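Protein chains get the first letters and strands the later ones, always in sequence-line order, with residue 1 at the start of each. Being a predicted model, the structure only gives us computed values, none of them experimental.
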Number of protein chains: 2
Amino acid sequence: MLQFKGRKILKKKGVDSLQVSGKKERLRDFIKKMGFKSTRQRDIIATEFLKTICHITAEELYKKISRMNKEIGFTTVYRTLKLLAKSGLATERVFADNLTRYEPISTKEHHDHLICLACGGITEFEDTKIEKLQEAVAVEFGFMTITHKMELYGYCRKCKKHAPASE
Amino acid sequence: MLQFKGRKILKKKGVDSLQVSGKKERLRDFIKKMGFKSTRQRDIIATEFLKTICHITAEELYKKISRMNKEIGFTTVYRTLKLLAKSGLATERVFADNLTRYEPISTKEHHDHLICLACGGITEFEDTKIEKLQEAVAVEFGFMTITHKMELYGYCRKCKKHAPASE
DNA sequence: AAGAAAATGAAATTCATTTTCAAAATGTTA
DNA sequence: TAACATTTTGAAAATGAATTTCATTTTCTT
């Protein structure tokens, strides 16, 4: 069983708060449209989540929020993340450690991941050439692709000097 | 949450029994080398597993074996699959339905998967051009790749006529 | 303000996976 | 081959993330 030794996540370029508030508006619209209700909790959770620059689990987000606010339960964080995913503001992903992680949608249309087996760091990348070849494979098999998943597991620049010799 | 409506698996070209017995010998060697013991159960489970032409779960293999042999427990099937994986005779994989599946190692060095969202069918493919591009991406990020995962989810030839219009 | 509907959160449930433990089987040694 | 140390077995229990339940609280109409 694969297991990460840590959870440190690589940084991404600046996230501006204007963008966050735009997304929060989009969430509010979605909530209204669906006949749901806006709540203090959802607002706090969404704000905290949208500030996120990494792939976070419900547990991690819950802990982060608990530090400031003892009155928000795990279940609500969990449900709000699901809601964010349904509204299209978050993406749900499962990597090799089998935990469900959420990530705010980015400007990139679709991206894949490089995952460090030592530090757990996740780096995103995009490669149109690969995407095109994937589609070509699908067509060859008479397959209609809806989505795909591509993850490269290994050791990042910082960790590779400590990579186990035998693998 | 993604869910398969069925479990039908596409066929692969013939598996010859000579190959199976060669693999069984390899398992026996591994067992001996590690100081483990050969047992009737392990033999039955390995034989049944190596005949497998698809990606099977411990549960599925257990049920298949139970039909003929009521005296083999789920735990033993589970443990033998893990053992097969450790011995290098099986590959452990988790797809989007979050079940752990095992597949006998094939002649192909590495392969990726097309997974039908309607019937659950899994088709294997190999594409060296994609592999090379993946490696190029890794190098660009100073990343040392150990392994990778690539899955295309969609509708197979047979199921695509029934694919939901909206996705 | 009152009522209908939805949200909350603690606790319970689910379900695949993994571990425990006492009994049985294996294989090595004398 | 008998004894013994070790491993294996399998039923049952434990684990742990994900999900649901349900009584209570909150929100959003009129």
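Other residues, nucleotides and ligands contribute only 12 or fewer heavy atoms inside 6.0 Å of the NZ atom of A:Lys32.
Remark: C1' of C:dA5 and CD1 of A:Ile31 are 15 Å apart, rounded to the nearest angstrom. Nucleotide D:dT25 holds its C1' atom 13 Å from the CD atom of A:Glu71, rounded to whole Å. Regarding A:Lys70, its NZ atom lies at a distance of 15 Å from the C1' atom of C:dA10, rounded to whole Å. Distance, A:Arg79 CZ to D:dA17 C1': 16 Å, rounded to whole Å. What separates CG of A:Asn98 from C1' of C:dC15 is a distance of 13 Å, to the nearest Å. Nucleotide C:dT17 holds its P atom 15 Å from the CG atom of A:Asp97, rounded to whole Å. Whole-Å rounding puts the A:Leu27 CG to C:dA7 C1' distance at 14 Å. The interatomic distance linking A:Ile72 (CD1) with C:dT8 (C1') rounds to 10 Å, in whole Å.
Counting non-hydrogen atoms under 4.0 angstrom, B:Glu59 reaches nothing in the nucleic acid.
Counting atom types as modelled, B:Lys37 pairs a side-chain N or O with a base atom of D:dT6 as donor and acceptor under 3.5 Å.
Of the N and O atoms on the side chains of A:Thr80 and A:Gln41, not one donor lies less than 3.5 Å from an acceptor on the other residue.
Taking side-chain N and O atoms only, B:Thr100 has a distance below 4.0 Å to OP1 or OP2 of C:dT17. Dashed line: the shortest gap from a side-chain N or O of B:Arg42 to OP1 or OP2 of D:dT9 is under 4.0 Å. OP1 and OP2 of D:dT19 both lie 4.0 Å or more from every side-chain N or O belonging to A:Thr75. Here A:Gln41 does not reach the OP1 or OP2 of D:dT26: none of its side-chain N or O atoms lies under 4.0 Å away. In this model, the phosphate group of D:dA18 is not approached by any side-chain N or O of A:Lys82 to a distance below 4.0 Å at OP1 or OP2.
Between B:Lys24 and B:Leu50, some side-chain heavy-atom pair lies under the 4.5 Å cut-off.
Each of A:Thr39 and B:Phe74 was matched to the nucleotide of DNA chain C holding its nearest heavy atom; the match closer to the 5' end belongs to A:Thr39. The residue among B:Phe36 and A:Ser38 whose nearest nucleotide of DNA chain C lies closer to the 5′ end is A:Ser38.
The side chain of A:Leu99 sits closest to D:dA17 out of D:dA17, D:dT9, D:dG10. Comparing C:dT20, C:dT17, D:dT20 by their closest approach to the side chain of A:Tyr78 singles out D:dT20.
Relative orientation of the B:His110 and B:His148 rings is tilted, given thresholds of 30° and 60° on the angle between their planes.
Across all their heavy atoms, A:Leu81 and A:Ala58 have their closest contact at CD1-CA, 3.6 Å.
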